[in-house]
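Proteins come first, then strands; the chains are lettered A, B, ... in the order of their sequence lines, and each starts at number 1.
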Number of protein chains: 2
Amino acid sequence: MSVITIERKVLEKNDEIARENRALFADHGVYVINMVSSPGAGKTSILERTLERLRTTLRIAVIEGDVQTDLDARRVAKYNVPAVQIVTRGGCHLEANLIRDAIGNLDLKACDLLVIENVGNLVCPSNYDLGEAVKVVVASTTEGDDKPLKYPSMFRNASVLIINKIDLLPYLQSNVAVLRENALKINPSLTVFETSCTTGAGMDAWCSWLTENARQKTAS
Amino acid sequence: MSVITIERKVLEKNDEIARENRALFADHGVYVINMVSSPGAGKTSILERTLERLRTTLRIAVIEGDVQTDLDARRVAKYNVPAVQIVTRGGCHLEANLIRDAIGNLDLKACDLLVIENVGNLVCPSNYDLGEAVKVVVASTTEGDDKPLKYPSMFRNASVLIINKIDLLPYLQSNVAVLRENALKINPSLTVFETSCTTGAGMDAWCSWLTENARQKTAS
C-alpha cells in the first residue's frame, strides 16, 4: 500500500517538472518528441536517417537515454548535432527531472526540434511525461503484430506510431495490416508511418510530418 | 532516498518469497526456468517449439506473465500442458509472490519442468528472483548486436542466452558473432544457443540441454 502511495507521489512530482519543461520548450519555440519502443526496434536508426534528411533545414538537438553506455549519443554526434547522453544506471525509463538536468547542457535558443530517445522499454516509460509535445512509439515488424494489445499503455499514450523494419516483411509471419489494426484499436487517433532504415522507405513521409509540426511550433 | 529504501525492502521481501518458492520446487523435484527478453524476441515461439519436442518426454507446466491479455497462455494451452496466465495490469515484471499465487493452480507433483515466461522487458525483470533454477535470456538478431552492452544487468543475471531469429541474419546488418562476444564480455559463463523458430535450427541442442538439466533436477 505504501509503495503505491509513493509511486503516486513520484508521478505527481514528475508531472510537475514535466509541466515546467513544457513551458520552457514553449518559451523557446522548441518542438519536442519523446521516442519510445522495445530495445532494438530502431529508434536510433530512425533518428540517424532523420538527421541525414533534416539537419540542414531544422536546428536539431538530441537527448539519449540508456541504461548503460553512451553508444547511442556517439552514433548521433557523428551528424554534428548537440547530443546529451543520460545513463540511468539500471533505471528503466527517463523522468522529467533528468530531462531538466540535460537541458542545462543544451542551447534551447538555437534549437527548433529536440528529440528525446527514451530507454528501450515498452512498459515503464509510458507513464512518465517528460514535457514533450508528442510521444512517438516505434514498433518493429519483427516483434510481431500482437504488441499493441499486449502493451496497450504505450500505444494509448502515443500520438505517432512508426512501424519500422518493413523491408523484413517478406521473411516474417507478422502481418503489418494486423499490427496497424491492433494499434488503432487501442488508440484510434494514432498517426501511423511505415518505415525501413535499410531501404529508406517511408522516411520522407515521416520527415515531412516532423518538419511541418516543428515549424508550426516554432512559428506559434 | 525513501524510495530507494522502500525499493530495497520490496526486493528483500521478494527474495524471501523466492527462497520459499525455490524450496518448494526442490521438494517436488521441479526444474524451473525464467524466460526473459525484450517484447517480441520470441519467448512464446521458442516455448511452443519446445513443447512440440518435449511434452511427451517431460511433464511440463507453464506460467505466462503479461502486462495485458491472455494471448500467450492461449497459445501454450493448445499443446495440452497446464498453463496459468498472470496479467500484471501495467506491472513491468513478475515477482515471487505472483509465482507463489500461480503455483496454487498447478499440481507440482505432476511436473518435471516449469517454464515461467516473464513480461517482455529487458530491464526490470533482471533484479527479481522468482525461485527459478536459471534465467534464460532471449535476444533476437533483429534487435542488434549491442544489446548486451546496453542492458548488462539482464545478461549478467542469466545463465543461458538464446540468440533467436537466426534465419533473418542474411537480411540484417546485425552480426551474431559480435552479439555473442558482447554477451560473453558481460557474462563469460553464459551457455549460448542459436535458434530459429521458423526453420527449427538449434532447437534440438536447446531441448537436449533443457531435458538433461530437468532430469538431473528430478533425479536429485
Asker: Could you measure the distance from the SG atom of A:C92 to the CG atom of B:L122? Nearest 0.5 Å is fine.
Answerer: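 The SG atom of A:C92 sits 12.0 Å away from the CG atom of B:L122.
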
Asker: Could you tell me which portion of A:K150 (side chain, backbone, both or neither) has an atom closer than 4.5 angstrom to a non-hydrogen atom of chain B?
Answerer: both

Asker: With rounding to the nearest 0.5 angstrom, report the OH to OG1 distance, A:Y171 to B:T198.
Answerer: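 The distance works out to 13.5 Å.
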
Asker: Identify which of A:S174, A:S37, A:P39 forms the greatest number of heavy-atom pairs closer than 4.5 Å to chain B.
Answerer: A:P39

Asker: Checking B:L149 against chain A: side chain, backbone, both or neither under 4.5 Å from a heavy atom?
Answerer: both

Asker: Identify the residues of residues 68-78 of chain A whose heavy atoms come closer than 4.5 Å to a heavy atom of chain B, ordered by number, or report 'none'.
Answerer: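 Those residues of residues 68-78 of chain A which have a heavy atom under 4.5 Å from chain B are A:Q68, A:T69, A:L71, A:D72, A:R75.
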
Asker: In residues 136-143 of chain A, which residues are in contact with chain B at a heavy-atom separation under 4.5 Å?
Answerer: A:T142, A:E143

Asker: Out of A:G120, A:G42, A:S153, which one racks up the most heavy-atom pairs below 4.5 Å with chain B?
Answerer: A:G120

Asker: Which atoms of A:P152 come close to chain B, meaning under 4.5 Å heavy atom to heavy atom: side chain ones, backbone ones, both, or neither?
Answerer: side chain

Asker: Rounded to the nearest 0.5 Å, how far does CG of B:N121 lie from OG of A:S38?
Answerer: 9.0 Å

Asker: Which answer fits B:V67, side chain, backbone, both or neither, if we ask what part of it has an atom under 4.5 Å from a heavy atom of chain A?
Answerer: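 When you check distances to chain A, atoms from both the backbone and side chain of B:V67 fall under 4.5 Å.
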
Asker: Roughly how far, to the nearest 0.5 Å, is the CG atom of B:L172 from the CG atom of A:D167?
Answerer: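 Between A:D167 CG and B:L172 CG, I get 8.5 Å after rounding to 0.5 Å.
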
